[in-house]
J.: 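Input: one structure, supplied below.
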Amino acid sequence: MGSQFFLSLIAGIFIGGAAGYLGTLMLSKRMALAVCPLGHLALPGIALALIYGFDVSLGAFPFVILGIILIWLCEMRTKLPMEALTAIVFASGVGIAFLFLPIEETETALVGDISRVGFWEVVISVVLIILVSSVIKKIYPQMILINISEDIAKAEKINVKKYNFLYLGCIAMIAALGVKMVGGLLTAALVAIPACSARNLSRNLSQYTFLATFFGILSSFFGISFFKLSNFSAGPLIILVSALIFLISMVFKK
Amino acid sequence: MSEIILKVKNLNVKLEEEEIIKELSFEVKEGDVLTILGPNGAGKTVLLKTLLGLFPYQGEIKWTKEVKIGYVPQRLPFIRDIPMNVEELFKLKKISRKEIKETLNSVGFGEEILDKKIGNLSSGQFQRILVVWALIGNPDILLFDEPTTGIDIGGEETIYSLLAKLKEERNLTILLVTHDLSVVYKFSNYVICLNKCPICQGVPREVLTPENLQKLYGEEVKFYEHHKH
(Lines give C-alpha, C1' and ligand atoms only; values in the text may rest on other atoms or scores of the structure.)
Protein backbone atom coordinates (compact mmCIF):
# COMPACT_ATOMS: atom_id res chain seq x y z
CA MET A 1 0.00 0.00 0.00
CA GLY A 2 2.94 2.25 0.78
CA SER A 3 4.42 1.79 -2.68
CA GLN A 4 0.98 2.34 -4.26
CA PHE A 5 0.79 5.67 -2.43
CA PHE A 6 4.19 6.71 -3.78
CA LEU A 7 3.20 5.69 -7.30
CA SER A 8 0.09 7.86 -7.03
CA LEU A 9 2.16 10.69 -5.62
CA ILE A 10 4.75 10.56 -8.42
CA ALA A 11 2.08 10.45 -11.14
CA GLY A 12 0.15 13.24 -9.41
CA ILE A 13 3.13 15.51 -8.98
CA PHE A 14 4.20 15.20 -12.62
CA ILE A 15 0.72 15.62 -14.06
CA GLY A 16 -0.13 18.48 -11.66
CA GLY A 17 3.09 20.35 -12.41
CA ALA A 18 2.73 20.01 -16.18
CA ALA A 19 -0.95 21.02 -16.06
CA GLY A 20 -0.01 24.14 -14.07
CA TYR A 21 2.73 25.01 -16.59
CA LEU A 22 0.41 24.55 -19.57
CA GLY A 23 -2.23 26.60 -17.76
CA THR A 24 -0.03 29.70 -17.96
CA LEU A 25 -0.47 29.66 -21.73
CA MET A 26 -4.16 28.88 -21.61
CA LEU A 27 -4.93 31.67 -19.20
CA SER A 28 -3.31 34.29 -21.35
CA LYS A 29 -5.38 33.22 -24.32
CA ARG A 30 -8.53 33.02 -22.22
CA MET A 31 -8.45 29.43 -23.30
CA ALA A 32 -8.60 27.70 -19.94
CA LEU A 33 -12.26 27.07 -20.61
CA ALA A 34 -11.25 24.99 -23.61
CA VAL A 35 -9.92 22.29 -21.31
CA CYS A 36 -13.33 22.18 -19.71
CA PRO A 37 -15.12 20.79 -22.79
CA LEU A 38 -12.08 18.64 -23.54
CA GLY A 39 -12.32 17.05 -20.11
CA HIS A 40 -16.01 16.45 -20.64
CA LEU A 41 -15.60 15.19 -24.17
CA ALA A 42 -13.12 12.70 -22.78
CA LEU A 43 -15.91 11.19 -20.66
CA PRO A 44 -17.21 8.78 -23.35
CA GLY A 45 -13.61 7.58 -23.81
CA ILE A 46 -13.22 7.17 -20.06
CA ALA A 47 -16.50 5.24 -19.95
CA LEU A 48 -15.27 2.86 -22.67
CA ALA A 49 -11.96 2.39 -20.84
CA LEU A 50 -13.75 1.57 -17.59
CA ILE A 51 -16.12 -0.88 -19.26
CA TYR A 52 -13.39 -2.72 -21.14
CA GLY A 53 -10.74 -2.35 -18.44
CA PHE A 54 -7.99 -0.39 -20.21
CA ASP A 55 -6.17 2.77 -19.20
CA VAL A 56 -8.52 5.77 -18.92
CA SER A 57 -5.94 8.12 -20.49
CA LEU A 58 -5.80 5.83 -23.49
CA GLY A 59 -9.58 5.98 -23.76
CA ALA A 60 -9.67 9.73 -23.20
CA PHE A 61 -6.95 10.73 -25.71
CA PRO A 62 -8.75 9.97 -29.03
CA PHE A 63 -11.89 11.62 -27.70
CA VAL A 64 -9.96 14.70 -26.65
CA ILE A 65 -8.41 14.91 -30.12
CA LEU A 66 -11.89 14.55 -31.58
CA GLY A 67 -13.04 17.29 -29.20
CA ILE A 68 -10.29 19.65 -30.35
CA ILE A 69 -11.17 19.12 -34.00
CA LEU A 70 -14.86 19.61 -33.19
CA ILE A 71 -14.30 22.83 -31.26
CA TRP A 72 -11.98 24.12 -33.97
CA LEU A 73 -14.52 23.39 -36.69
CA CYS A 74 -17.40 24.82 -34.66
CA GLU A 75 -15.51 28.01 -33.92
CA MET A 76 -14.45 28.50 -37.54
CA ARG A 77 -17.88 27.75 -38.89
CA THR A 78 -20.06 29.57 -36.37
CA LYS A 79 -17.74 32.23 -34.88
CA LEU A 80 -19.57 31.58 -31.61
CA PRO A 81 -17.73 32.60 -28.46
CA MET A 82 -15.76 29.86 -26.73
CA GLU A 83 -18.13 29.97 -23.73
CA ALA A 84 -21.13 29.06 -25.90
CA LEU A 85 -19.24 26.21 -27.57
CA THR A 86 -18.14 25.02 -24.14
CA ALA A 87 -21.77 24.69 -23.07
CA ILE A 88 -22.64 22.65 -26.17
CA VAL A 89 -19.62 20.37 -26.01
CA PHE A 90 -19.88 19.99 -22.23
CA ALA A 91 -23.45 18.74 -22.43
CA SER A 92 -22.78 16.46 -25.39
CA GLY A 93 -19.78 14.80 -23.72
CA VAL A 94 -21.63 14.15 -20.48
CA GLY A 95 -24.77 13.04 -22.33
CA ILE A 96 -22.97 10.48 -24.48
CA ALA A 97 -20.94 9.15 -21.54
CA PHE A 98 -24.00 8.57 -19.39
CA LEU A 99 -25.68 6.53 -22.13
CA PHE A 100 -23.38 3.62 -21.39
CA LEU A 101 -21.31 4.48 -18.30
CA PRO A 102 -21.86 1.80 -15.61
CA ILE A 103 -23.32 3.53 -12.56
CA GLU A 104 -20.72 2.05 -10.18
CA GLU A 105 -17.94 3.62 -12.25
CA THR A 106 -19.52 7.10 -12.34
CA GLU A 107 -17.36 8.52 -9.57
CA THR A 108 -14.12 7.37 -11.19
CA ALA A 109 -15.15 8.87 -14.53
CA LEU A 110 -16.22 12.20 -13.05
CA VAL A 111 -13.60 12.85 -10.39
CA GLY A 112 -10.82 10.41 -11.30
CA ASP A 113 -8.99 7.77 -9.33
CA ILE A 114 -5.24 8.11 -8.98
CA SER A 115 -5.10 5.40 -6.31
CA ARG A 116 -5.24 2.58 -8.86
CA VAL A 117 -2.29 3.54 -11.07
CA GLY A 118 0.20 0.76 -11.74
CA PHE A 119 3.99 0.99 -12.05
CA TRP A 120 4.14 1.00 -15.84
CA GLU A 121 1.30 3.49 -16.10
CA VAL A 122 3.31 5.84 -13.91
CA VAL A 123 6.46 5.32 -15.96
CA ILE A 124 4.61 6.00 -19.22
CA SER A 125 2.85 9.03 -17.74
CA VAL A 126 6.14 10.49 -16.50
CA VAL A 127 7.85 9.98 -19.86
CA LEU A 128 4.90 11.56 -21.69
CA ILE A 129 4.85 14.49 -19.26
CA ILE A 130 8.56 15.15 -19.77
CA LEU A 131 8.01 15.02 -23.52
CA VAL A 132 4.98 17.35 -23.47
CA SER A 133 6.67 19.77 -21.07
CA SER A 134 9.69 20.08 -23.33
CA VAL A 135 7.41 20.76 -26.30
CA ILE A 136 5.59 23.43 -24.25
CA LYS A 137 8.93 24.99 -23.28
CA LYS A 138 10.04 24.99 -26.90
CA ILE A 139 6.89 26.67 -28.26
CA TYR A 140 6.38 28.98 -25.27
CA PRO A 141 7.88 32.25 -26.65
CA GLN A 142 6.09 31.86 -29.97
CA MET A 143 2.80 31.02 -28.23
CA ILE A 144 3.10 34.09 -26.02
CA LEU A 145 3.58 36.23 -29.11
CA ILE A 146 0.59 34.56 -30.80
CA ASN A 147 -1.43 35.20 -27.63
CA ILE A 148 -0.44 38.86 -27.69
CA SER A 149 -1.34 39.28 -31.35
CA GLU A 150 -1.55 36.83 -34.23
CA ASP A 151 -0.80 39.69 -36.61
CA ILE A 152 2.44 40.57 -34.85
CA ALA A 153 3.38 36.88 -34.76
CA LYS A 154 2.72 36.53 -38.48
CA ALA A 155 4.68 39.73 -39.15
CA GLU A 156 7.57 38.05 -37.28
CA LYS A 157 7.24 35.12 -39.72
CA ILE A 158 5.87 32.71 -37.12
CA ASN A 159 3.81 29.87 -38.59
CA VAL A 160 0.74 30.43 -36.40
CA LYS A 161 -1.14 27.35 -37.61
CA LYS A 162 1.78 25.04 -36.86
CA TYR A 163 2.24 26.41 -33.34
CA ASN A 164 -1.49 26.33 -32.57
CA PHE A 165 -1.54 22.71 -33.69
CA LEU A 166 1.38 21.78 -31.43
CA TYR A 167 -0.22 23.70 -28.59
CA LEU A 168 -3.54 21.89 -29.00
CA GLY A 169 -1.67 18.58 -29.10
CA CYS A 170 -0.12 19.45 -25.72
CA ILE A 171 -3.54 20.38 -24.34
CA ALA A 172 -4.95 17.03 -25.52
CA MET A 173 -2.12 15.11 -23.90
CA ILE A 174 -2.37 16.94 -20.58
CA ALA A 175 -6.17 16.65 -20.57
CA ALA A 176 -5.95 12.90 -21.27
CA LEU A 177 -3.46 12.41 -18.44
CA GLY A 178 -5.37 14.80 -16.16
CA VAL A 179 -8.64 12.86 -16.37
CA LYS A 180 -6.92 9.88 -14.79
CA MET A 181 -6.10 11.95 -11.76
CA VAL A 182 -9.07 14.29 -11.31
CA GLY A 183 -11.68 12.93 -13.75
CA GLY A 184 -13.56 14.52 -16.62
CA LEU A 185 -15.31 17.07 -14.43
CA LEU A 186 -12.25 18.62 -12.81
CA THR A 187 -9.58 18.61 -15.53
CA ALA A 188 -10.15 22.27 -16.38
CA ALA A 189 -9.55 23.22 -12.75
CA LEU A 190 -6.28 21.25 -12.70
CA VAL A 191 -5.02 23.44 -15.54
CA ALA A 192 -6.60 26.77 -14.73
CA ILE A 193 -6.38 27.26 -10.95
CA PRO A 194 -2.57 27.08 -10.44
CA ALA A 195 -2.09 29.58 -13.27
CA CYS A 196 -4.69 31.93 -11.77
CA SER A 197 -2.97 31.78 -8.36
CA ALA A 198 0.44 32.33 -9.96
CA ARG A 199 -0.85 35.30 -11.90
CA ASN A 200 -1.99 36.96 -8.69
CA LEU A 201 1.54 36.80 -7.32
CA SER A 202 3.74 37.35 -10.38
CA ARG A 203 5.50 40.41 -11.67
CA ASN A 204 6.95 38.68 -14.71
CA LEU A 205 6.74 35.60 -16.91
CA SER A 206 9.47 33.60 -15.17
CA GLN A 207 7.75 33.97 -11.80
CA TYR A 208 4.42 33.18 -13.43
CA THR A 209 5.51 29.89 -15.01
CA PHE A 210 7.55 28.84 -11.98
CA LEU A 211 4.75 29.51 -9.50
CA ALA A 212 2.05 27.86 -11.65
CA THR A 213 4.14 24.69 -11.95
CA PHE A 214 4.97 24.81 -8.25
CA PHE A 215 1.32 25.30 -7.21
CA GLY A 216 0.29 22.42 -9.50
CA ILE A 217 2.83 20.15 -7.79
CA LEU A 218 1.89 21.39 -4.32
CA SER A 219 -1.84 20.81 -4.89
CA SER A 220 -1.24 17.26 -6.11
CA PHE A 221 1.12 16.49 -3.25
CA PHE A 222 -1.22 17.67 -0.51
CA GLY A 223 -4.38 16.44 -2.29
CA ILE A 224 -3.02 12.91 -2.59
CA SER A 225 -1.60 13.03 0.95
CA PHE A 226 -4.99 14.08 2.38
CA PHE A 227 -6.60 11.31 0.35
CA LYS A 228 -4.29 8.84 2.09
CA LEU A 229 -5.37 10.20 5.48
CA SER A 230 -9.09 10.41 4.73
CA ASN A 231 -11.80 8.53 2.88
CA PHE A 232 -12.37 11.23 0.29
CA SER A 233 -11.39 10.89 -3.40
CA ALA A 234 -8.01 12.32 -4.39
CA GLY A 235 -9.32 14.33 -7.40
CA PRO A 236 -11.62 16.69 -5.47
CA LEU A 237 -9.02 17.06 -2.71
CA ILE A 238 -6.33 18.11 -5.23
CA ILE A 239 -8.68 20.72 -6.67
CA LEU A 240 -9.68 21.96 -3.20
CA VAL A 241 -6.04 22.41 -2.17
CA SER A 242 -5.52 24.27 -5.42
CA ALA A 243 -8.53 26.50 -4.71
CA LEU A 244 -7.20 27.17 -1.21
CA ILE A 245 -3.85 28.29 -2.68
CA PHE A 246 -5.82 30.58 -4.98
CA LEU A 247 -7.67 32.14 -2.03
CA ILE A 248 -4.37 32.73 -0.23
CA SER A 249 -2.85 34.22 -3.40
CA MET A 250 -5.69 36.74 -3.54
CA VAL A 251 -4.63 38.09 -0.15
CA PHE A 252 -1.08 38.68 -1.38
CA LYS A 253 -2.06 39.82 -4.90
CA LYS A 254 0.49 42.10 -6.60
CA MET B 1 15.98 60.89 -56.52
CA SER B 2 14.59 58.59 -53.82
CA GLU B 3 14.16 54.92 -54.53
CA ILE B 4 10.69 53.39 -54.71
CA ILE B 5 10.29 51.11 -51.70
CA LEU B 6 6.75 49.86 -52.31
CA LYS B 7 4.59 49.69 -55.39
CA VAL B 8 0.91 48.79 -55.20
CA LYS B 9 -1.11 48.33 -58.38
CA ASN B 10 -4.85 47.64 -58.77
CA LEU B 11 -5.13 46.19 -55.28
CA ASN B 12 -8.43 44.51 -54.43
CA VAL B 13 -9.13 42.90 -51.08
CA LYS B 14 -12.21 40.82 -50.43
CA LEU B 15 -12.85 39.32 -46.98
CA GLU B 16 -15.77 36.97 -46.38
CA GLU B 17 -17.40 38.00 -49.65
CA GLU B 18 -17.22 41.70 -48.76
CA GLU B 19 -15.13 44.04 -50.87
CA ILE B 20 -12.93 45.96 -48.44
CA ILE B 21 -10.50 47.67 -50.82
CA LYS B 22 -11.14 48.37 -54.49
CA GLU B 23 -8.68 49.21 -57.25
CA LEU B 24 -6.03 50.95 -55.15
CA SER B 25 -2.70 51.93 -56.68
CA PHE B 26 0.13 53.95 -55.14
CA GLU B 27 3.87 54.11 -54.63
CA VAL B 28 5.99 54.80 -51.57
CA LYS B 29 9.44 56.31 -51.94
CA GLU B 30 12.27 56.04 -49.46
CA GLY B 31 11.88 58.69 -46.75
CA ASP B 32 8.17 59.28 -47.43
CA VAL B 33 5.70 59.71 -44.63
CA LEU B 34 2.52 58.43 -46.14
CA THR B 35 -0.76 58.68 -44.25
CA ILE B 36 -3.77 56.57 -45.00
CA LEU B 37 -6.78 58.67 -44.08
CA GLY B 38 -10.38 57.62 -43.87
CA PRO B 39 -13.38 57.10 -41.60
CA ASN B 40 -13.88 54.00 -39.45
CA GLY B 41 -14.47 50.88 -41.51
CA ALA B 42 -12.82 52.40 -44.59
CA GLY B 43 -10.34 49.54 -44.97
CA LYS B 44 -7.26 51.35 -43.59
CA THR B 45 -6.18 48.61 -41.18
CA VAL B 46 -6.98 45.95 -43.77
CA LEU B 47 -4.69 47.77 -46.20
CA LEU B 48 -1.78 47.71 -43.74
CA LYS B 49 -2.31 44.05 -42.95
CA THR B 50 -2.57 43.21 -46.64
CA LEU B 51 0.73 44.99 -47.27
CA LEU B 52 2.21 42.80 -44.53
CA GLY B 53 0.91 39.70 -46.28
CA LEU B 54 -1.68 38.86 -43.62
CA PHE B 55 -4.69 38.92 -45.96
CA PRO B 56 -5.24 37.47 -49.44
CA TYR B 57 -5.53 39.99 -52.26
CA GLN B 58 -5.76 40.49 -55.98
CA GLY B 59 -3.48 42.88 -57.81
CA GLU B 60 0.16 43.66 -57.21
CA ILE B 61 2.10 44.48 -54.05
CA LYS B 62 5.80 44.86 -54.74
CA TRP B 63 8.29 45.63 -51.96
CA THR B 64 11.94 46.32 -52.82
CA LYS B 65 14.19 43.37 -52.17
CA GLU B 66 15.20 42.66 -48.57
CA VAL B 67 13.19 45.53 -47.16
CA LYS B 68 12.86 45.30 -43.38
CA ILE B 69 9.41 46.16 -42.07
CA GLY B 70 8.50 47.20 -38.51
CA TYR B 71 4.82 46.93 -37.62
CA VAL B 72 2.82 48.37 -34.75
CA PRO B 73 -0.79 47.21 -34.65
CA GLN B 74 -3.71 49.31 -33.47
CA ARG B 75 -4.61 47.36 -30.34
CA LEU B 76 -3.16 44.56 -28.28
CA PRO B 77 -6.11 43.77 -26.03
CA PHE B 78 -4.65 40.61 -24.46
CA ILE B 79 -1.17 41.77 -23.57
CA ARG B 80 -2.19 43.24 -20.23
CA ASP B 81 -3.57 39.82 -19.19
CA ILE B 82 -0.09 38.36 -19.31
CA PRO B 83 2.17 39.00 -16.33
CA MET B 84 5.22 39.98 -18.31
CA ASN B 85 7.84 42.70 -17.96
CA VAL B 86 9.24 44.84 -20.72
CA GLU B 87 12.48 42.87 -21.00
CA GLU B 88 10.58 39.60 -21.45
CA LEU B 89 8.50 41.18 -24.21
CA PHE B 90 11.64 42.13 -26.13
CA LYS B 91 13.25 38.76 -25.50
CA LEU B 92 10.48 37.27 -27.66
CA LYS B 93 12.32 38.92 -30.56
CA LYS B 94 15.45 36.93 -29.72
CA ILE B 95 17.81 39.89 -29.66
CA SER B 96 20.66 40.88 -27.36
CA ARG B 97 20.14 42.94 -24.23
CA LYS B 98 22.55 45.49 -25.70
CA GLU B 99 20.33 46.08 -28.73
CA ILE B 100 17.26 46.33 -26.51
CA LYS B 101 18.96 48.98 -24.38
CA GLU B 102 20.17 50.99 -27.37
CA THR B 103 16.74 51.04 -28.97
CA LEU B 104 15.09 51.97 -25.66
CA ASN B 105 17.53 54.86 -25.28
CA SER B 106 16.67 56.14 -28.74
CA VAL B 107 13.05 56.72 -27.68
CA GLY B 108 14.03 58.23 -24.35
CA PHE B 109 13.64 55.23 -22.04
CA GLY B 110 16.22 54.33 -19.40
CA GLU B 111 17.18 50.81 -18.40
CA GLU B 112 14.79 50.86 -15.43
CA ILE B 113 11.79 50.36 -17.75
CA LEU B 114 12.96 46.79 -18.48
CA ASP B 115 11.77 45.52 -15.09
CA LYS B 116 8.37 47.20 -15.31
CA LYS B 117 5.32 45.01 -15.75
CA ILE B 118 3.57 45.68 -19.08
CA GLY B 119 0.20 45.91 -17.33
CA ASN B 120 1.50 48.75 -15.14
CA LEU B 121 2.69 50.98 -17.99
CA SER B 122 0.70 54.09 -18.86
CA SER B 123 -0.92 54.04 -22.29
CA GLY B 124 1.66 56.55 -23.56
CA GLN B 125 4.58 54.48 -22.25
CA PHE B 126 3.06 51.35 -23.73
CA GLN B 127 2.72 52.96 -27.14
CA ARG B 128 6.38 54.03 -27.04
CA ILE B 129 7.34 50.47 -26.07
CA LEU B 130 5.51 49.30 -29.18
CA VAL B 131 7.50 51.79 -31.23
CA VAL B 132 10.68 50.28 -29.75
CA TRP B 133 9.35 46.83 -30.65
CA ALA B 134 8.89 47.91 -34.26
CA LEU B 135 12.32 49.60 -34.37
CA ILE B 136 14.26 46.55 -33.25
CA GLY B 137 16.11 45.00 -36.16
CA ASN B 138 16.56 48.43 -37.80
CA PRO B 139 13.59 48.42 -40.18
CA ASP B 140 13.58 50.49 -43.37
CA ILE B 141 9.87 51.16 -43.10
CA LEU B 142 7.46 51.46 -40.18
CA LEU B 143 3.83 50.48 -40.58
CA PHE B 144 1.88 52.18 -37.84
CA ASP B 145 -1.83 51.63 -37.26
CA GLU B 146 -3.52 54.52 -35.41
CA PRO B 147 -0.60 55.24 -33.10
CA THR B 148 -2.64 57.33 -30.70
CA THR B 149 -5.62 55.07 -30.03
CA GLY B 150 -6.45 55.37 -26.35
CA ILE B 151 -3.80 57.99 -25.59
CA ASP B 152 -4.57 61.43 -24.15
CA ILE B 153 -3.82 64.59 -26.14
CA GLY B 154 -0.42 65.24 -24.50
CA GLY B 155 0.57 61.66 -25.29
CA GLU B 156 -0.46 62.06 -28.93
CA GLU B 157 1.92 64.98 -29.35
CA THR B 158 4.74 62.91 -27.85
CA ILE B 159 4.20 59.96 -30.19
CA TYR B 160 4.16 62.14 -33.31
CA SER B 161 7.16 64.18 -32.30
CA LEU B 162 8.92 60.90 -31.48
CA LEU B 163 8.11 59.50 -34.91
CA ALA B 164 9.29 62.70 -36.57
CA LYS B 165 12.57 62.52 -34.62
CA LEU B 166 13.09 58.84 -35.45
CA LYS B 167 12.40 59.47 -39.11
CA GLU B 168 15.18 62.07 -39.23
CA GLU B 169 17.66 60.02 -37.21
CA ARG B 170 17.13 56.70 -38.93
CA ASN B 171 16.05 57.79 -42.40
CA LEU B 172 12.83 55.85 -41.93
CA THR B 173 9.95 55.58 -44.32
CA ILE B 174 6.63 55.62 -42.48
CA LEU B 175 3.16 54.40 -43.40
CA LEU B 176 0.65 55.69 -40.93
CA VAL B 177 -3.03 54.89 -40.61
CA THR B 178 -5.11 57.64 -39.06
CA HIS B 179 -8.53 59.22 -39.09
CA ASP B 180 -7.12 62.47 -37.70
CA LEU B 181 -6.77 65.17 -40.34
CA SER B 182 -4.40 67.36 -38.31
CA VAL B 183 -1.84 64.53 -38.22
CA VAL B 184 -1.88 64.38 -42.02
CA TYR B 185 -1.08 68.08 -42.41
CA LYS B 186 1.56 68.23 -39.71
CA PHE B 187 3.33 65.02 -40.34
CA SER B 188 3.06 63.55 -43.83
CA ASN B 189 4.15 64.42 -47.34
CA TYR B 190 1.68 62.13 -49.09
CA VAL B 191 -1.86 61.10 -48.26
CA ILE B 192 -4.19 58.39 -49.52
CA CYS B 193 -7.85 59.06 -48.79
CA LEU B 194 -9.56 55.73 -48.55
CA ASN B 195 -13.16 54.80 -48.10
CA LYS B 196 -13.06 51.33 -49.60
CA CYS B 197 -12.47 52.97 -53.00
CA PRO B 198 -9.54 55.40 -53.21
CA ILE B 199 -11.07 58.91 -53.01
CA CYS B 200 -7.92 60.94 -53.61
CA GLN B 201 -4.17 60.81 -53.15
CA GLY B 202 -1.23 63.18 -53.33
CA VAL B 203 0.35 66.03 -51.37
CA PRO B 204 -2.01 66.80 -48.44
CA ARG B 205 -2.40 70.54 -49.05
CA GLU B 206 -3.21 69.91 -52.70
CA VAL B 207 -5.60 66.98 -52.52
CA LEU B 208 -7.45 67.55 -49.25
CA THR B 209 -9.95 69.93 -50.82
CA PRO B 210 -13.36 70.46 -49.20
CA GLU B 211 -14.94 68.46 -52.05
CA ASN B 212 -12.66 65.47 -51.52
CA LEU B 213 -13.14 65.58 -47.76
CA GLN B 214 -16.90 65.75 -48.28
CA LYS B 215 -16.63 62.61 -50.39
CA LEU B 216 -14.45 60.92 -47.79
CA TYR B 217 -16.29 61.78 -44.60
CA GLY B 218 -19.74 62.93 -45.71
CA GLU B 219 -21.22 65.23 -43.09
CA GLU B 220 -18.22 64.96 -40.76
CA VAL B 221 -16.21 67.28 -43.01
CA LYS B 222 -17.83 70.36 -41.44
CA PHE B 223 -16.19 69.55 -38.14
CA TYR B 224 -12.78 69.20 -39.73
CA GLU B 225 -13.03 72.44 -41.69
CA HIS B 226 -14.05 74.30 -38.57
CA HIS B 227 -11.27 72.64 -36.59
CA LYS B 228 -8.65 73.68 -39.10
CA HIS B 229 -9.43 77.43 -39.27
Side-chain angles (χ1 to χ4, degrees), chain A residues 20-21 23-33 76-79 82 137-161 163 192 194-213 215 249 252-254, chain B residues 15-16 45-56 63 67-95 113-121 126 129-134 136-137 139 141-145 175 177:
Chain A
Y21 183 36
T24 58
L25 273 179
M26 307 199 73
L27 189 65
S28 48
K29 212 182 177 186
R30 301 177 181 184
M31 275 279 283
L33 268 175
M76 279 208 311
R77 184 111 188 112
T78 65
K79 305 269 178 224
M82 195 58 93
K137 191 169 165 46
K138 184 105 183 134
I139 65 171
Y140 206 91
Q142 289 84 353
M143 283 313 298
I144 287 285
L145 205 53
I146 292 169
N147 283 337
I148 292 172
S149 155
E150 285 202 4
D151 291 337
I152 284 195
K154 284 179 189 163
E156 295 289 323
K157 311 266 184 276
I158 288 174
N159 185 340
V160 174
K161 275 186 186 158
Y163 279 95
C196 292
S197 314
R199 192 168 162 235
N200 281 342
L201 302 174
S202 308
R203 291 187 58 83
N204 55 47
L205 264 186
S206 343
Q207 287 176 6
Y208 180 45
T209 47
F210 171 77
L211 285 176
T213 312
F215 290 154
S249 77
F252 298 99
K253 189 176 181 327
K254 284 184 181 167
Chain B
L15 298 174
E16 290 177 6
T45 298
V46 171
L47 173 59
L48 272 203
K49 289 186 181 178
T50 309
L51 295 177
L52 281 165
L54 303 180
F55 288 136
W63 291 96
V67 70
K68 280 192 252 171
I69 306 168
Y71 168 58
V72 183
Q74 188 176 10
R75 287 188 189 87
L76 294 175
F78 300 123
I79 195 165
R80 285 170 194 270
D81 289 351
I82 305 170
M84 180 166 58
N85 65 25
V86 173
E87 185 174 4
E88 285 170 331
L89 174 70
F90 290 128
K91 273 188 180 165
L92 298 176
K93 277 225 172 191
K94 297 194 173 102
I95 46 153
I113 195 84
L114 286 172
D115 288 331
K116 271 210 163 189
K117 198 170 165 180
I118 300 278
N120 293 342
L121 297 176
F126 180 60
I129 287 295
L130 289 184
V131 175
V132 177
W133 172 273
I136 283 172
I141 182 163
L142 269 191
L143 268 55
F144 222 132
D145 196 351
L175 245 75
V177 159

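Side chains are part of it too, since the values below use all heavy atoms of this structure and drop only hydrogens, waters and symmetry mates. Throughout, protein chains are lettered first and strands after them, A, B, ... in sequence-line order, and every chain is numbered starting at 1. Bear in mind the structure is a predicted one, so any value in this text is a computation, not a measurement.
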J.: Heavy-atom cut-off 4.5 Å, strictly under: side chain, backbone, both or neither for A/Gln142 against chain B?
T.: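 Answer is side chain: those atoms of A/Gln142 sit under 4.5 Å from chain B.
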
J.: Pick one of side chain, backbone, both or neither for B/Lys93, based on which atoms fall under 4.5 Å of a heavy atom in chain A.
T.: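 Answer is side chain: those atoms of B/Lys93 sit under 4.5 Å from chain A.
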
J.: Among all residues two or more places apart in sequence or in another chain, which pass the ring-ring contact (aromatic ring centres under 6.0 Å, His included) test with A/Tyr21?
T.: A/Tyr140

J.: For chain A, which candidate among B/Lys116, B/Lys117, B/Glu88 shows the most heavy-atom pairs at distances under 4.5 Å?
T.: B/Glu88

J.: For the interface with chain A, which of B/Leu52, B/Val72, B/Leu54 has the highest count of heavy-atom pairs at distances below 4.5 Å?
T.: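 Among the listed options, the one with the most contacts to chain A is B/Leu54.
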
J.: Just checking A/Arg203: does its CZ atom have more than 12 heavy atoms from other residues, nucleotides or ligands closer to it than 6.0 angstrom?
T.: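 Not more than 12 within 6.0 Å, no.
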
J.: Under 4.5 Å from any heavy atom of chain A, what part of B/Lys94 do you find: side chain, backbone, both or neither?
T.: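 It is the side chain, since no backbone atom gets that close.
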
J.: Contact between A/Ile158 and A/Leu145 at the side-chain level, heavy atoms closer than 4.5 Å - yes or no?
T.: yes

J.: Name all residues meeting the ring-ring contact (aromatic ring centres under 6.0 Å, His included) criterion together with B/Phe90; count only those two or more places apart in sequence or in a different chain, and write none if there are none.
T.: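 Testing B/Phe90 for ring-ring contact (aromatic ring centres under 6.0 Å, His included), a comparison that skips the adjacent residues, returns none.
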
J.: Are any non-hydrogen side-chain atoms of B/Pro139 and B/Ile69 less than 4.5 angstrom apart?
T.: no

J.: For each of B/Leu76, B/Leu89, B/Asn120, tally heavy-atom pairs with chain A at distances under 4.5 Å, and name the one with the top tally.
T.: B/Leu76

